[in-house]
Amino acid sequence: MVMGRSHCLVSLAFLMVLFVPALSHGSRHRRSGWHLAHATFYGDMQGGDTMQGACGYGDLYQQGYGLETTALSTALFNNGLTCGACFEIMCVNEPQWCIPNAGSIKVTATNFCPPNYNPPNFDHWCNPPQEHFDLSMKMFTKIAIYRAGIIPVMYRRVPCNKSGGVKFEMKGNPYWLLVLLYNVASAGDVTQVSIKGSSNTGWKSMSRVWGQNWVTGSNLVGQALSFQVTTSDGKMMEFDNVAPSNWQFGQSYETYQNF
Ligand SMILES: *[C@@H]1O[C@H](CO)[C@@H](O)[C@H](O)[C@H]1NC(C)=O
């Protein structure tokens with residue numbers, strides 16, 4: 001059928017109304033069941049290259065994530081907002097690569113798998129709009145044989161289970177306090193953080209700089225610090241006096257959590 005130009009524009013506008021809201025919610029909220037994607041691996045069996053990723057975490061062993069981690073393609077990473085979310089993944093549809101009866105693995109998103117726009121016709125798996133997991137080698141080899149290289153997977157979001165409380169690592173300097181949040185249970189991915197100093201009047205919302213690093217320009221040295229943390233499922237938790245007034249840069253402070 002031939003359509004006039006104005007019809008095309010009207011249809012396009014209609015399609016945008018239909019689809020733009022769905023896209024802007026990000027893949028986290030779009031769907032909740034199992035979905036098809038692909039997976040590869042990076043690093044080595046000891047997790048080399050998987051530490052210090054784009055989520056702003058540091059030593060993943062020390063921080064409790066270990067090697068049960070994945071990097072996410074642009075479509076899943078959501079500019080870093082998905083950092084800390086947990087996924088259950090299984091190898092499907094490739095009997096020659098999937099390990100029989102391997103079941104599923106569960107991983108936390110700790111890194112970004114960047115798109116590759118170079119011409120060679122391989123290694124473009126993380127380009128938008130593809131949903132792709134670049135797993136730690138240790139996790140990949142639990143569900144597929146190493147030589148597979150890339151496998152089709154089914155995945156779904158699952159709640160994160162963490163032992164211990166939410167951890168707040170103080171970074172930066174007196175002029176801008178940067179706080180890294182990690183070991184967050186349940187939804188796992190933090191979408192909003194507010195901070196309050198003990199001699200300050202109110203809550204100030206922090207800005208996310210990258211991954212799960214949040215910043216405030218207020219000088220809060222010498223004040224006990226409280227936080228309000230919201231996760232992607234909309235739950236908000238308040239953590240009062242997480243750090244005592246003599247908190248130090250470079251230190252992490254922990255508090256209970258019942259997300
Ligand atoms: C956490 O525990 C729940 C309930 O047992 C389970 O459904 C979920 O898959 C677990 N998540 C991870 C990341 O292990």
Side-chain angles (χ1 to χ4, degrees), residues 15-43 50 53-55 65 67-116 122-146 148-162 184-191 211-212 231-235 259:
L15 283 174
M16 285 173 70
V17 167
L18 277 182
F19 289 113
V20 168
L23 287 175
S24 64
H25 271 86
S27 45
R28 302 193 316 288
H29 299 300
R30 203 161 65 222
R31 302 154 313 172
S32 53
W34 288 96
H35 312 287
L36 269 172
H38 284 86
T40 46
F41 64 86
Y42 72 118
T50 66
C55 287
Y65 299 109
L67 295 180
E68 296 172 9
T69 61
T70 187
L72 301 177
S73 64
T74 302
L76 293 167
F77 191 64
N78 199 13
N79 264 316
L81 269 174
T82 315
C83 288
C86 294
F87 296 89
E88 182 173 9
I89 297 172
M90 54 193 180
C91 184
V92 293
N93 303 338
E94 291 283 3
Q96 78 273 36
W97 301 130
C98 298
I99 295 173
N101 307 315
S104 61
I105 53 169
K106 289 173 183 171
V107 289
T108 305
T110 55
N111 208 348
F112 177 50
C113 179
N116 178 1
F122 61 96
D123 205 20
H124 291 184
W125 301 107
C126 288
N127 290 19
Q130 296 172 102
E131 298 194 337
H132 190 93
F133 296 88
D134 203 13
L135 297 163
S136 71
M137 184 175 169
K138 184 175 168 212
M139 295 314 280
F140 182 92
T141 54
K142 281 183 192 291
I143 54 172
I145 64 169
Y146 167 85
I150 176 161
I151 50 167
V153 295
M154 293 282 268
Y155 79 90
R156 64 177 176 184
R157 279 285 298 264
V158 287
C160 301
N161 306 304
K162 304 294 180 200
V184 181
S186 195
D189 48 348
V190 172
T191 53
Q212 287 297 352
T231 43
S232 65
D233 53 1
K235 283 188 196 149
F259 270 117

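Atoms considered below: every heavy atom in the structure, side chains included; atoms not considered: hydrogens, waters and symmetry mates. No experiment lies behind these values; they were computed from the predicted model shown.
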Please examine the side chains of Val92 and Leu36, heavy atoms only from C-beta on, and report whether any two atoms are closer than 4.5 Å.
yes
Output the distance between atom CG (Asp134) and atom CH2 (Trp125), rounded to the nearest 0.5 Å.
12.0 Å
Do side-chain atoms of Thr82 reach the backbone of Phe77 as a donor and acceptor pair under 3.5 angstrom?
yes
Taking the side chain as C-beta and beyond, is there a heavy-atom pair between Asn127 and Thr74 under 4.5 Å?
no
Check whether any side-chain heavy atom of Gln212 lies under 4.5 Å from a side-chain heavy atom of Val184, and answer yes or no.
no
Of all the heavy-atom pairs spanning Gln96 and Ile145, show the shortest one and how long it is.
O-CD1, 3.9 Å
Spacing of OG1 belonging to Thr70 relative to CD1 belonging to Ile105, to within rounding of 0.5 Å:
7.5 Å
Stepwise salt bridge (charged side-chain N to carboxylate O under 4.0 Å, His left out) test for Arg157 and Asp233:
CA-CA 12 Å; Arg157 279 285 298 264; Asp233 53 1; over 6 Å; no
Glu94 (side chain) donor-acceptor with Ile150 (main chain) under 3.5 angstrom:
no
Could you tell me if the side chain of Asn111 sits less than 4.5 Å from the side chain of Thr69, heavy atoms only?
no
Over 60° means perpendicular and under 30° means parallel, so tell me whether Phe87 and Phe133 are parallel, tilted or perpendicular.
perpendicular
CE/Met139 to CZ/Phe41 distance, rounded to the nearest 0.5 angstrom?
14.0 Å
When you compare the side chain of Lys162 with that of Tyr65, does any pair of heavy atoms fall below 4.5 Å?
yes
Any donor-acceptor N or O pair under 3.5 Å, side chains Glu88, Ser104
yes
Output for pair (Thr141 OG1, Leu135 CG), nearest 0.5 Å, gives 9.5 Å
